[in-house]
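Indexing begins at 1, ligand by ligand and atom by atom, following the structure's order. All residue numbers refer to positions in the sequence shown, counting from 1.
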Amino acid sequence: MVGYDHKRIEAKWQKIWRATGLYKTDEKKGKQKCYVLDMFPYPSGDGLHVGHPKGYIATDVYSRMKRMQGHAILHPMGWDAFGLPAENYALANKVHPEVAVKRNIKRFKKQLELLGFNYDWEREINTTDPKYYKWTQWIFLQMFKKGLAYQSNEPINWCPSCKTGLANEDLEDGKCERCGSVVEKRPIPQWVLRITDYADRLLADLETLNWPDSIKESQRNWIGRSEGYEIEFALKGQSGKIKVFTTRPETILGVSFLALALDHPLASRAGHANELRAINPANKEELPVVVAPYVLSDYGFGAVMGVPAHDERDTLFAKANNLTVKNAPFADSALIKKVGRKVVKYKLRDWVFSRQRYWGEPIPLIHCTKCGVVPVPEKDLPVKLPKVKSYEPTGTGESPLAAIASFVNTKCPKCKGPAKRETNTMPQWAGSCWYYLAYISRGNLNSLTAKKAFQKWLPVSMYVGGAEHATRHLIYARFWHKFLFDIGVVGTDEPFERLQNVGLILGSDGRKMSKRFGNVVNPDDIVKKFGADALRIYESFMGPFNQSIAWSADSLVGARRFVEKVWRLREKLTTNHQPSTTKTLLNQTVKKVGEDIEQFHFNTAVSALMILTNAFEKETAIAKADFEILLKLLAPFAPHLAEELWSELGHKKSVHTERWSVFDPMLLRESEVTIVIQVDGKTRGQFRAASATADAALEARARESESVLKWLAGKEIQKVIVVPDRLVNIVVA
Ligand code: ANZ
Ligand code: ZN
């Protein structure tokens, strides 16, 4: 690749930026803050592929522009390294997870650094660092003290292959989300977090967030608030009652059976020989009580009033089981009042928080035969994960930690008698519940200093990551944040003000990038060959940010050509201040690039920069001042190229701390023109457009114009002639 020595130039500026601390968090008072956050990676053994940086490029572009617009920037990075994926990787590769994680982080960080990101690495965190998880444990203890962490003996979801209990959120269609095994129910005592106490607030406060509607909708469905009625059915000839939850109490007269979940307490007596019968409280009719697989044991009361005339599932079940279908009038409100009580039910379940695996934060509790469950005193935190040789899951329902006597046996903090430590660990989602706070607090989470810093930086202004976190990480973190708000640690009741979802980068074959398909592209190779700036421009330009798009080597070459084109413009520079013919276009580009970055429309921002560059290329000379504007607009996307050219112009300070250009609204107004649309040379319509609009854009608008559609109907377009700023002639004859 001739013309632009990206290797030398990128390495040079990365070194200078590091040495001058250019991206250190700006703590100066009086500036508006902007906290730009990536969902931090789990450092897998495979390293980064080119899909990972797409979101990081976006936050980099965004935070660089915000800095130039005068904001104080917090833009940190760290590692989410506890949990099943790291432990399974370690087991498969026969290295200790601690060793594997350290190695993987090193590799990831090197890869990220090659891309020229403006992270403040001084704030790097790692969830498996005892200094970090001390505070994960501390938050758990506060929840325990407030009664939000409780021990439950309810049967839980158990993955026989991962050999651990799982939360409802960890299942996909009844299967383990990690390994695909069918999940069983097992009666294992669990620590559970009372997230359902926050259900109403988690739901209501969604309205205050600038998040994609699809994510908000997923959360609403996951929380699943349902207003309905509780109706009690007495049993015939015996004591006891069956409670059902219904959203359609008016159908009570059409009930022809009651259906129970498989593990309902009365299930064993229902079904065969119609042993068990119930009485409809509205009309005193006798009803059979049956067990039905579609009744969920953990929703409502685990029992349904079957109304085959109005409910499809009930119809199917009634037909298959020879139960009657009853047509009856709707009950009036007086009758409904007589049999029902209003209740609210949620789909959301409390969060099963124990894992029977090694690689997680130890739960900081002690079991004493005299005193019961005693929290580890705060001064004794962190409870460190013991270093062990063997950490395989046991499969017995106990964590591998249970076999380590030196860990288990301890003293009761209350009575000083012999006691045993809790040996379950926390789920992999614990550390990510508060990491965005750790970047701010840098140490004691519960201090005055931390409080002040939270006041300055919270909430996160812009949060970027994959949509797959819609109902786990993003609900868990909101829950913990609200709890920390309630106990006065943080001052906002929501953590993430604005959220953008990043679309996947697929392999060039359109499939998910995976070793299995052999379609993985390594960013290191791309950076070596084309440069980080070309990769950044390509990934910004490849299409709408939140869509999945296939990798294209050709488009990457196009991005590299663009870099070289900008590089060559320096040969045309002149200091003589003639008004440039591109003034209007320059002004439009300033407006467009700024607005597009703000909206995460990076592809159209880059396209505007390409149009401007092409216009400059056609000039015989370019005014230095105009070129500087291009460089400032380009700096967020191609930070190395812009910095090199900027310094060549004689500037001593970095382009990345320059003031972002402002546009002149007067110039924009004068710059509209009327474009005539012709079909075969005859005028058939017109439209207004910004002057110097690109030919392709003019052509597209002309083709879609209402007034010419009938002239094009049924005809084949032979060619289209565009006269910039004047007309589009569509030739069909
Ligand atoms: C009678 C009825 C008649 C119902 C009708 C619906 C339509 P949402 O909106 O999701 O809350 N239901 C109650 N508990 C259930 C359980 N544990 N497992 C499966 N289904 C259960 O749905 C509420 C409706 O789901 C309830 O209203 C009940 O069926 C069913 F024409 O009662 B309905
Ligand atoms: Zn004790």
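Residue contacts with ligand 1: T251 is placed with no nitrogen or oxygen under 3.5 Å of a nitrogen or oxygen of the ligand (distance criterion only). Geometrically, ligand 1 and D311 share no nitrogen or oxygen pair separated by less than 3.5 Å. Below 3.5 Å of separation, one finds no N or O of V307 facing any N or O of ligand 1.
Under the 3.5 Å distance criterion, the side-chain polar atoms of H264 are left unmatched by any main-chain donor or acceptor of A259. A donor-acceptor contact shorter than 3.5 Å is absent between the side chain of S226 and the backbone of K345.
Near Y294, meaning under 4.0 Å from any of its heavy atoms, are these atoms of ligand 1: 18 (N), 19 (C). Close contacts between ligand 1 and H310 involve ligand atoms 31 (F) [criterion: under 4.0 Å to a heavy atom]. Proximity to S226 (heavy-atom distance under 4.0 Å) selects the following atoms of ligand 1: 8 (P), 9 (O), 11 (O).
In the model, N168 has no side-chain atom that pairs as donor or acceptor with a side-chain atom of R472 under 3.5 Å.
Under a cut-off of 6.0 angstrom, the local environment of NZ in K185 is crowded, with over 12 non-hydrogen atoms contributed by other residues, nucleotides or ligands.
By the 4.5 Å heavy-atom criterion applied to side chains, V464 and F600 are counted as neighbours. Between R277 and P288 the shortest side-chain heavy-atom distance falls below 4.5 Å. Side-chain contact between T164 and L166 is present, with heavy atoms from C-beta onward closer than 4.5 Å.
You'll find the ring centres of F353 and F140 inside the 6.0 Å limit.
Protein heavy atom closest to atom 25 (O) of ligand 1, with residue, atom name and distance, is R313 NH2, 3.8 Å. Ranking protein heavy atoms by distance to atom 10 (O) of ligand 1, first place goes to K347 NZ, 2.8 Å. Summary of contacts: the protein heavy atom closest to atom 33 (B) of ligand 1 is T246 OG1, 3.5 Å. Given atom 5 (C) of ligand 1, the protein heavy atom at minimum distance is R248 CG, 3.6 Å.
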Worksheet item: Can you check salt bridge (charged side-chain N to carboxylate O under 4.0 Å, His left out) on D205 and K482, steps first, answer last?
Response: CA-CA 10 Å; D205 294 347; K482 284 184 183 304; 2.5 Å; yes

Worksheet entry | Full working for salt bridge (charged side-chain N to carboxylate O under 4.0 Å, His left out) between D509 and R511 | CA-CA 6 Å; D509 55 2; R511 289 192 288 187; 3.3 Å; yes

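Residue contacts with ligand 1 include M305, since one or more of its heavy atoms lies under 4.0 Å from the ligand.
Looking at F301 against ligand 1, nothing comes within 4.0 Å, counting heavy atoms. With a heavy-atom cut-off of 4.0 Å, K345 does not touch ligand 1 at all. Contact annotation: for T247 versus ligand 1, heavy atoms closer than 4.0 Å belong to both the backbone and the side chain.
Compare L296, V304, V244, V255 by their heavy atoms: the one nearest to atom 18 (N) of ligand 1 is in L296. Taking only non-hydrogen atoms, the option from Y346, Y229, F245 nearest to atom 28 (C) of ligand 1 is F245.
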